[in-house]
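What follows is a set of notes on a single structure, which appears directly below.
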Amino acid sequence: MSAPRRTAKVSAVGDGAGARPGVVYLVGAGPGDPGLMTARALELIATADAILHDRLIPPGALDDARPDAELIYVGKAPGDVAMEQAETERLMAEIALGGRSVVRLKGGDPFVFGRGGEEAETLVDAGVPFEVVPGVTAGIAASAYAGIPVTHREDASAVAFVTGHEDPDKEGSAIDWPALARFPGTLVLYMGVRNLPRIAERLIDAGRDPDEPAAAVERGTHPDQRTVAATAATLPAAVAEAGLGAPAILLFGPVAARRERLAWLEHRPLHGRRVVVTRARAQASGLAGALRGLGADVVELPAIRIEPRIDTPEVAAMIDGLHAYALVCLTSPNGVELLFEAMAERGFDARALANATVAAIGPGTARALRVHGVIADFVPPRSIAESLVESLREVEVQGRPVLVARAAEARDVLPEALTERGALVDVVALYETFREDAGAEAIERAREADYITFTSASTVRHFTETVGPDFASGARIVSIGPVTSATVRELGLEVDVEATEHDPDGLLEALLADATRLS
Ligand code: SAH
């Protein structure tokens, strides 16, 4: 996901000439799991004028960059030189001297095999102020995710980080292999998979115990992390057989055997399952985060995007007359948020709803209301319009003004049923939903999914339009409830799992039960 949004453009030259130089932040992005980025890294990414980034940064790391930030890819894919190191350093200094702030984003930690030291030196020479933001380095993170503590009271009182980049047979090697063979602790090798056979041989020849536990961790902390455990002597063959490649770290030391008891990643209930989340990005994070926490490889493919429509004369009139409604119905958490935003803009707060009976379509909507100090009077047992209509039977609406605040395009079940009972119904749109164009990479990953989750009828329609009808034939479809399921079936697809509780938590429970049953 580190594809450049824009390619390098040295427009910075001369910008704001004479201005105070911008700060360059040498920022570690961590080993790959977006959750391991530091709070400081996220803060700086969100505010930087320019971001120069490598290939090995977590997926989505740049999602919260400013829309006008210049994103420059300076990494190297193996075998291809995107930008020379000197050129990167020059560019970074140049942008900063033009008065703009720069985040130099690197995988892991910037000062651990990241050339961050050299970059900092260039900045000192150029008189550019800089800060260093450490990151979680792969040697520690990949080990931890593999269930291997790099130190242990009984097994290792020291740990060495070593580069395995260099061919150990090379004359004049910078690495003292005999010293490493004698090192009384854990050896963690970076960039060493390619040279692994020669590294293991050199270590053993120099006296390292061939039966010492050893391990290799490929793509540590990513959803597709793979670990191979063996001994110093057998690791090369085991790694070759499993087909492990870069990026991977190698570990030598008794701690590697601790994995037998401490492996935890593989034991999470959704480990190894790819799950597509199709909610709008603004709402998806809760569900996506919960799925990730259970070990799923989450693909966020927001099928819809929500655009507020609260700056309309219709909404203004509705807000000004809010106190007059006998019943106010809210059909989504978005609706609640935007209603309160529109109220605030016109100087109202929750008291504008003091006279009304308030109905929420489901627990998520009721929760959103509670945040704004309003406890819903009605929340139907099932989060669908029909169920809300049913719950509202006892509310006297004949001849009384009723508000249904919702999305522009929505089913008319609720307003129609209320009108039939003599209510004077105003339907006011607070937002519109649009199709969100997904990136090609996300679509490709979605095609290989084990589960696709749908949280509303509109996500089903938009998703199938985006990805096409023959997506992920092997995937199981999980629907939040009957209305969404009906839409899935209308499109000729089958619903494999339907949530009993029609909210994201209920959907998660249903998916988990299904995955557990199938495993
Ligand atoms: N500055 C980085 C290291 C850069 S060198 C850090 O602190 O982590 C690149 C090497 O880091 C790779 O060859 C590999 O050995 C290791 N590496 C980076 N990401 C990794 C990951 N997710 N899992 C395993 N090893 C990783």
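Both counts, for ligands and for their atoms, begin at 1 and track the order of listing.
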Suppose we measure from [atom] to each protein heavy atom; which comes out shortest, and what is that distance?
atom	result
atom 7 (O) of ligand 1	T137 OG1, 2.6 Å
atom 4 (C) of ligand 1	F113 O, 3.3 Å
atom 14 (C) of ligand 1	A248 O, 3.4 Å

Assert yes or no for the condition that the ring centre distance of F130 to Y25 is strictly below 6.0 Å.
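Ring centroids of F130 and Y25 are no less than 6.0 Å from each other.
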* Quick one: does T484's side chain get under 4.5 Å of T455's, heavy atoms only? ->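 No, every pair of side-chain atoms sits at 4.5 Å or beyond.
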Any N/O of D109 closer than 3.5 Å to an N/O of ligand 1?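 Yes; the residue has a nitrogen or oxygen that sits under 3.5 Å from a nitrogen or oxygen of the ligand.
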Does [X] approach ligand 1 within less than 4.0 angstrom via side chain, backbone, both or neither, non-hydrogen atoms only?
X	value
Q225	neither
V217	backbone
A138	both

Q.
Once you measure the plane-to-plane angle for Y73 and H53, does it fall in the parallel (<30°), tilted (30-60°) or perpendicular (>60°) bin?
A.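 Rings of Y73 and H53: tilted, 30 to 60°.
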By number and element, which atoms of ligand 1 are closer than 4.0 Å to a non-hydrogen atom of [X]?
X	result
G220	21 (C), 22 (N), 23 (N), 24 (C)
G107	1 (N), 2 (C), 6 (C)
V112	1 (N), 2 (C), 3 (C), 6 (C), 7 (O)

Report task. Name the option, out of D54, L56, I249, that contains the heavy atom nearest to atom 25 (N) of ligand 1. Result ->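 Among D54, L56, I249, the closest heavy atom to atom 25 (N) of ligand 1 belongs to I249.
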